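First comes the structure, then the notes that go with it.
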Protein chains: 2
Amino acid sequence: MNAITIREVAALAGVSVATASRVLSGNPATSPASRSRVASAAAELDFRPNAQARALRGARTNALGLLVSDVRNPFFADLAHTVEQAAILHGYVTLLGNANERADQQDRYLDTLISRRVDGIILAPVGAGSDSIRSLIAREIPTVFVDRTIAGMDVPSVTTDGTAGIRQAVEHLAVAGHTRIGYISGPQASSTGRDRFAAFTRSVVENGLSADPALVYFGDYQAASGSAGVHALLGLREPPTALLVADSLMAVGAIASLHDRGVRLGVDLAMVAFDDIEWFALLNPALSVISHSVADMGRTAVDLLLQVIDGGTPASVVLPSELIVRASSASSASSATAGAAGTPATPPTAPTASHNSVRTH
Amino acid sequence: MNAITIREVAALAGVSVATASRVLSGNPATSPASRSRVASAAAELDFRPNAQARALRGARTNALGLLVSDVRNPFFADLAHTVEQAAILHGYVTLLGNANERADQQDRYLDTLISRRVDGIILAPVGAGSDSIRSLIAREIPTVFVDRTIAGMDVPSVTTDGTAGIRQAVEHLAVAGHTRIGYISGPQASSTGRDRFAAFTRSVVENGLSADPALVYFGDYQAASGSAGVHALLGLREPPTALLVADSLMAVGAIASLHDRGVRLGVDLAMVAFDDIEWFALLNPALSVISHSVADMGRTAVDLLLQVIDGGTPASVVLPSELIVRASSASSASSATAGAAGTPATPPTAPTASHNSVRTH
DNA sequence: CTGAAAGCGCTTACAG
DNA sequence: CTGAAAGCGCTTACAG
């Protein structure tokens, strides 16, 4: 860890520390001679400027913080990837943090990022707001919310309007004759949890379907709660014949539980999940999903943040969602025998037939 | 960004900067009176010590860097999660970077982490070594390799020995009568790519199976190369009747391609993939996998790194692998009709039958 | 237990 | 174009 300092580079180059600094940071006020001498000295010593010291002088750090609510959620893994790629194009490196859907861990990361003086933070907030988040805003550290927002906080954001996709999904299921649609919801402490639940409730009413509150299970966006939701909903005296699940991780848990119970997707039970994860298309039957563009979300988040860093106050962006129909929602209400396992199966829809969708993909 | 400094805290508390610093960093040489006055002043001003300045003085930064080769690979997403949790237990925050399987991006992150003076780095190296990695070692920055190693670099590491799992897989397929096993390999520039390929080659010989070099396709651990591998292998005049895929992302691409071609897993073609990803158990038929413990790997990596940070020179750790048999590898060689799609299907093995495995899980 | 002072590695007005 | 010097926000011997 005996790091080389600019002093040693300057000495080897035979110039002052100031001149070395100028050359190293690309200041044009340098002679070609000192430029080449400093450059080769730095190369010879494998000099890496101490970012801490540099930042201390008030310069930009060219680092962004991205705090996602759960790295293991493929949606956020994809988001991390697109944010990172977009940031690199603008010369920024992305420090990724994982809140693990826990507010205390989020706050810890936020404090770390604040004290490390990143130039800005892209945050998928967990919970309803915290001192750390308020502190972020109060300090006017450039911040952008992504995927989720926090009520009452005036921060530019990129979110998905799930309404269209959820409405399409409910209609699609209603047309197939389903009247009792189970809903495994995200937590109501998160904006997406609330918004998607509200859209579901509205769509159910619009289509004249059962508004039985027992059809809604409130999960926490983690796989285990998807399993619990299936357990609860299929245990009802009048179980749903179709299931809408508010995110991919809960969908994974739900599917695992359905497998264990011998419930056949698209035969005994129709299912649609929010989030278009690559893997969902590979299931057999393939899973119908409500799709939104994680690539657009990531790129937009970086765009907005760079504007904020440059002193702008960009408007928030809302991205669309849409239903992609695959075989998992092929079953009609009358064919559904959810919970009754073991009946000799009609084979699930063939894979080739599973690609009839609302849009091409 | 007008951050509060310790000077202002000291002023409000009516003590010197030195005393404020002592209180804030838990130095016992402080009076109860100044302790309480500084504490309340800091709270009132929402003071966050500038980590840069603190680090500049030579103290530990309590930050770890974790550089994974691809965040979108569920294996590495899981690894990130376990590393993070283990690090938190020891008071460290983890700065996560994504090399995206590209050496240039890896080097960029490495430079960033070096210049930010993290206390240590856990690295899943991409490629065969680079100046940045050599620089890391030369500077004696505490470093640990995870999952992969680099030949000739004497760095403590945690890796999986894939040999046992791969041998079990090949034997399992040989017992079912398969003589032509296709192998979609990882890149030979990575240690896991080489090791797994070598284990495959050895097992093929040991079991007296076809060593036709056309049965091996060299991919790059990304999904697209799994698709390309299926295309190449099933296009052979004598296609394989079973497929072994060296990582989860290539398996995803392979499965997608097989779907498109109407090849039925576990019926027309047997398949086993390296990496036990939660989703693989949900496929229908469920995918047979070679499993290794990402949790052990993450925890061990943190353990080793902390030892290195404390000046130790811990021995490298090698973790075991094992085969988990599920329905995707149920087909025998005689039942296989790979490439010949469209034959009326016998229904895939029922989910309940898919859980007979070498170990319980 | 406390304060004044030096110094971590850099950058940037300020003179020249 | 260049160098000496001040200073970013903190910590830590050094005296007291």
Side-chain angles (χ1 to χ4, degrees), chain A residues 1-39 41-42 45-63 111-112 114-119 139 141, chain B residues 1-39 41-42 45-63 111-112 114-119 139 141:
Chain A
M1 269 287 213
N2 44 21
I4 304 293
T5 72
I6 199 173
R7 187 179 309 273
E8 302 166 63
V9 174
L12 181 60
V15 299
S16 72
V17 170
T19 296
S21 171
R22 288 196 191 91
V23 171
L24 261 8
S25 55
N27 187 321
T30 48
S31 69
S34 40
R35 242 171 287 164
S36 74
R37 310 189 56 184
V38 170
L45 298 172
D46 190 24
F47 171 69
R48 313 286 172 120
N50 183 325
Q52 323 271 4
R54 195 172 253 181
L56 200 52
R57 284 287 308 167
R60 287 194 181 170
T61 60
N62 285 315
D111 293 347
T112 300
I114 293 176
S115 73
R116 303 209 142 229
R117 304 294 190 265
V118 292
D119 292 338
R139 281 153 193 279
I141 294 170
Chain B
M1 270 287 216
N2 44 21
I4 303 293
T5 72
I6 199 173
R7 187 179 308 274
E8 302 164 64
V9 174
L12 181 59
V15 299
S16 73
V17 170
T19 298
S21 173
R22 289 195 189 91
V23 171
L24 261 10
S25 54
N27 187 322
T30 47
S31 68
S34 39
R35 241 172 288 164
S36 74
R37 308 189 58 186
V38 170
L45 297 172
D46 189 25
F47 170 70
R48 314 283 172 122
N50 183 327
Q52 322 271 4
R54 195 173 252 181
L56 199 53
R57 286 287 307 167
R60 287 195 180 168
T61 59
N62 286 315
D111 292 348
T112 301
I114 293 176
S115 74
R116 303 212 142 226
R117 303 294 190 267
V118 291
D119 292 337
R139 282 154 192 277
I141 293 170

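Below, all heavy atoms of this structure are taken into account, side chains as well, without hydrogens, waters or symmetry copies. The chains referred to below are lettered A, B, ... by the order of the sequence lines, with proteins before strands, and numbering in each begins at 1. Here the structure is a predicted model, which means the values were calculated and not measured.
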Nearest-0.5 Å distance, CZ of residue B:Arg7 to OG of residue B:Ser16: 11.0 Å
So, is B:Ser34 close to the C:dC1 phosphate, meaning a side-chain N or O under 4.0 Å from OP1 or OP2? no
Could you state the interatomic distance from CZ (A:Arg54) to CG (A:Leu24), rounded to the nearest 0.5 Å? 7.0 Å
Nearest of C:dC10, C:dT2, D:dG9 to any side-chain atom of B:Ala29? C:dT2
A:Leu45 CG to C:dG9 P, straight-line distance once rounded to whole Å: 14 Å
Expected output is a numbered-order residue list: members of residues 16-25 of chain B with a heavy atom under 4.0 Å from any atom of DNA chain D. What is it? B:Val17, B:Ala18, B:Ser21, B:Arg22
Look at the side-chain N and O atoms of B:Ser31 and state whether any lies under 4.0 Å from the OP1 or OP2 oxygen of C:dT2. yes
Rounding to an integer number of Å, can you tell me how far A:Arg54 CZ sits from D:dG7 C1'? 17 Å
Quick one: stems involving DNA chain C, counted as three or more successive Watson-Crick or G-U pairs, both distances short of 3.5 Å. C:1-3 with D:14-16, C:5-12 with D:5-12, C:14-16 with D:1-3
Just so I know, are the side chains of A:Ile4 and A:Val9 near enough to count as touching, which here means a heavy-atom distance under 4.5 Å? yes
Can you list everything that forms a salt bridge (Lys or Arg N to Asp or Glu O under 4.0 Å) with B:Arg48? Sequence neighbours excluded, please. A:Asp111, B:Asp46
Looking only at heavy atoms, the pair that brings B:Ser34 and B:Thr19 closest together is CB-CG2, 3.9 Å
Counting distance only, does the side-chain N/O of B:Arg35 pair as donor-acceptor with the main-chain N or O of B:Thr30 below 3.5 Å? yes
Rounded to the nearest angstrom, tell me the gap between atom CD1 in A:Ile6 and atom C1' in C:dC8. 14 Å
